[in-house]
Amino acid sequence: MMGEKKLHHGMLSPYPCCTVILSAFPQLLAAEEFDDAANLLAGNPDATTISIDEPSENPKNQYGLLQDSRREEDDELLGTDDSDKTELLAGQKKSAPFWTFEYYQTFFDVDTYQVLDRIKGSVFPIPGKNFVRLYIRSNPDLYGPFWICATLVFAIAISGNLSNFFIHLGKPAYRYVPEFRKVSIAATAIYAYAWLVPLALWGFLMWRNSKVMNIVSYSFLEIVCVYGYSLFIYIPTAILWIIPQKAVRWILVMFALCLSGSVLVMTFWPAVRDDNRRIALATMVTLVLLHALLAIGCLAYFFDAPDLNVLLPTAAAQNGTIVATKTQ
């Protein structure tokens with residue numbers, strides 16, 4: 001027993017011949033299988049051989065891969081290529097009933113950096129990039145659009161009053177009276193535009209989506225978000241409208257209209273470009289015209305209104321009422 005040699009820990013085998021035979025056994029089997037295959041092929045020359053080393057791709061599969069790559073490129077441009085992380089986060093959100101405060105709280109769940117990033121994206125649009133995919137789709141909000149519209153309302157109303165004051169400054173017959181009704185008029189016009197136009201556009205896209213199946217549509221919240229952030233450029237523009245120079249005002253409104261309108265065109269054109277050519281062009285022209293109507297209407301009503309006759313209080317009548325006379 002002491003003289004026996006063990007076969008582990010690198011020790012030599014007591015039967016070296018058996019070791020050589022066992023080590024050469026796989027090569028012998030492979031050679032035997034090769035000889036059998038050669039004999040079969042010689043007996044049947046018409047037999048078909050299959051190579052499993054490098055499988056070739058089916059042309060149909062190659063066409064499918066090409067189609068998938070094109071679809072991914074279209075999804076990237078149209079803003080429908082949601083990441084797995086976004087879908088996972090969206091699935092984790094529990095929807096609360098619409099009559100609860102938690103339901104509306106989710107629409108304002110956004111931080112300052114996201115709002116600032118979306119504002120920069122609306123002021124400096126990137127050609128060829130979709131605003132919804134870059135900034136909105138991961139977390140659409142109402143916080144930014146609501147406060148942008150509110151700020152724009154007060155900016156237009158206050159700037160309109162100051163503009164009227166500076167225009168008539170120095171006239172002895174003029175007495176400044178603040179026009180608070182401009183706040184309500186501006187609020188009605190801006191909030192109606194920021195909500196009704198997106199609602200109409202959303203309904204139109206849903207209707208056309210039923211006609212043309214490959215049209216990519218946006219949710220109502222995403223459209224409202226795009227319109228809200230696109231109005232931010234009008235806030236500094238309205239402040240600069242205080243300058244009592246019509247040429248400067250019209251240059252400012254055209255500059256703001258080009259920036260803001262480009263955001264709308266680059267965002268919604270991919271959603272209608274696969275539709276009928278006339279319908280697609282008519283849709284984009286309508287969106288730009290409505291956007292221009294808001295800007296030019298605010299400029300014409302609040303800033304470029306014609307000089308009205310100034311009402312001056314005269315001597316009070318005996319019954320205590322005040323009579324007003326018109327003066328040029």
Side-chain angles (χ1 to χ4, degrees), residues 79 98 103-110 114-123 125 130-132 134-137 139-160 181-206 217-239 241 252-253 255-269 271-272 283-303:
F98 70 93
Y103 177 81
Y104 299 96
Q105 188 178 9
T106 57
F107 299 147
F108 295 85
D109 186 13
V110 64
Q114 286 180 324
V115 173
L116 293 178
D117 195 31
R118 294 171 182 184
I119 289 175
K120 290 188 294 184
S122 65
V123 175
N130 192 286
F131 184 79
V132 172
L134 289 179
Y135 304 102
I136 305 300
R137 177 146 292 179
N139 184 25
D141 71 289
L142 293 179
Y143 178 86
F146 175 81
W147 286 112
I148 287 175
C149 292
T151 307
L152 182 59
V153 166
F154 286 99
I156 290 178
I158 295 174
S159 299
R181 61 186 179 86
K182 288 186 175 181
V183 178
S184 59
I185 296 175
T188 303
I190 292 173
Y191 276 101
Y193 174 80
W195 284 92
L196 296 182
V197 174
L199 179 62
L201 178 59
W202 173 74
F204 174 78
L205 292 179
M206 294 294 292
S217 183
Y218 301 110
S219 66
F220 174 67
L221 182 59
E222 290 174 345
I223 298 177
V224 171
C225 199
V226 172
Y227 267 85
Y229 282 102
S230 67
L231 295 176
F232 176 82
I233 189 61
Y234 290 115
I235 295 177
T237 304
I239 297 175
W241 280 344
L252 290 173
V253 72
F255 177 75
L257 180 60
C258 292
L259 286 180
S260 184
S262 63
V263 175
L264 300 180
V265 171
M266 289 189 297
T267 300
F268 297 111
W269 171 248
V272 298
T283 303
M284 302 312 301
V285 171
T286 302
L287 295 182
V288 175
L289 287 179
L290 290 175
H291 207 60
L293 181 62
L294 176 69
I296 297 175
C298 291
L299 176 61
Y301 181 81
F302 294 99
F303 297 90

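The residues of the chain are indexed from 1 along the displayed sequence.
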Do [X] and [Y] have side chains that approach each other closer than 4.5 Å (heavy atoms only, starting at C-beta)?
{"X": "Asp141", "Y": "Arg118", "result": "yes"}
{"X": "Tyr227", "Y": "Leu264", "result": "yes"}
{"X": "Val272", "Y": "Leu205", "result": "yes"}

Decide side chain to side chain contact (heavy atoms under 4.5 Å, CB included) for Tyr234 and Ile156; before the verdict, give the C-alpha distance in whole Å, the side-chain angles of both, and the deciding distance to 0.1 Å. CA-CA 9 Å; Tyr234 290 115; Ile156 290 178; over 6 Å; no

I'd like a table of donor-acceptor pairs (distance under 3.5 Å, sequence neighbours excluded) in which one partner is a side-chain atom from residues 288-300, with atom names and distances.
from	atom 1	to	atom 2	distance (Å)
His291	ND1	Tyr193	OH	2.5
His291	NE2	Ser260	OG	2.5

Within this structure, what is the [atom1]-[atom2] distance for the pair [X] and [Y], rounded to the nearest 0.5 Å?
{"X": "Thr151", "Y": "Leu231", "atom1": "OG1", "atom2": "CG", "answer": "11.5 Å"}
{"X": "Ile223", "Y": "Ile136", "atom1": "CD1", "atom2": "CD1", "answer": "12.0 Å"}
{"X": "Leu287", "Y": "Phe268", "atom1": "CG", "atom2": "CZ", "answer": "7.0 Å"}
{"X": "Ile119", "Y": "Ile233", "atom1": "CD1", "atom2": "CD1", "answer": "11.0 Å"}
{"X": "Lys120", "Y": "Tyr135", "atom1": "NZ", "atom2": "OH", "answer": "8.0 Å"}
{"X": "Cys225", "Y": "Phe131", "atom1": "SG", "atom2": "CZ", "answer": "6.5 Å"}

Pairs satisfying salt bridge (charged side-chain N to carboxylate O under 4.0 Å, His left out), at least one member in residues 220-232, at least two apart: Arg137-Glu222

Taking only residues two or more places apart in sequence, or in another chain, which ones meet [X] in a side-chain contact (heavy atoms from CB on, under 4.5 Å)?
{"X": "Leu142", "answer": "Phe107, Phe108, Trp195, Leu221, Val224"}
{"X": "Ile185", "answer": "Arg181, Tyr301, Phe302"}
{"X": "Trp147", "answer": "Tyr143, Ala150"}

List the residues meeting ring-ring contact (aromatic ring centres under 6.0 Å, His included) with Phe232, not counting sequence neighbours, and say none if there are none.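 Checked Phe232 against ring-ring contact (aromatic ring centres under 6.0 Å, His included); zero matches.
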
Apply ring-ring contact (aromatic ring centres under 6.0 Å, His included) to Tyr229 and list each qualifying residue two or more places apart in sequence or on a separate chain. none

Taking all non-hydrogen atoms of both residues, which atom of [X] and which atom of [Y] are closest, and how far apart?
{"X": "Val263", "Y": "Ser122", "value": "CG2-O, 3.4 Å"}
{"X": "Ile235", "Y": "Ile148", "value": "CD1-O, 3.8 Å"}
{"X": "Ala271", "Y": "Tyr218", "value": "CB-CE1, 3.8 Å"}
{"X": "Asn130", "Y": "Val132", "value": "OD1-N, 2.9 Å"}
{"X": "Pro125", "Y": "Val123", "value": "CD-O, 3.3 Å"}
{"X": "Ala194", "Y": "Cys149", "value": "CB-SG, 3.7 Å"}

Within 6.0 angstrom of Phe154 CZ, more than 12 heavy atoms from elsewhere: no

Parallel, tilted or perpendicular: ring planes of Phe146 versus Tyr191, cut at 30 and 60 degrees: tilted

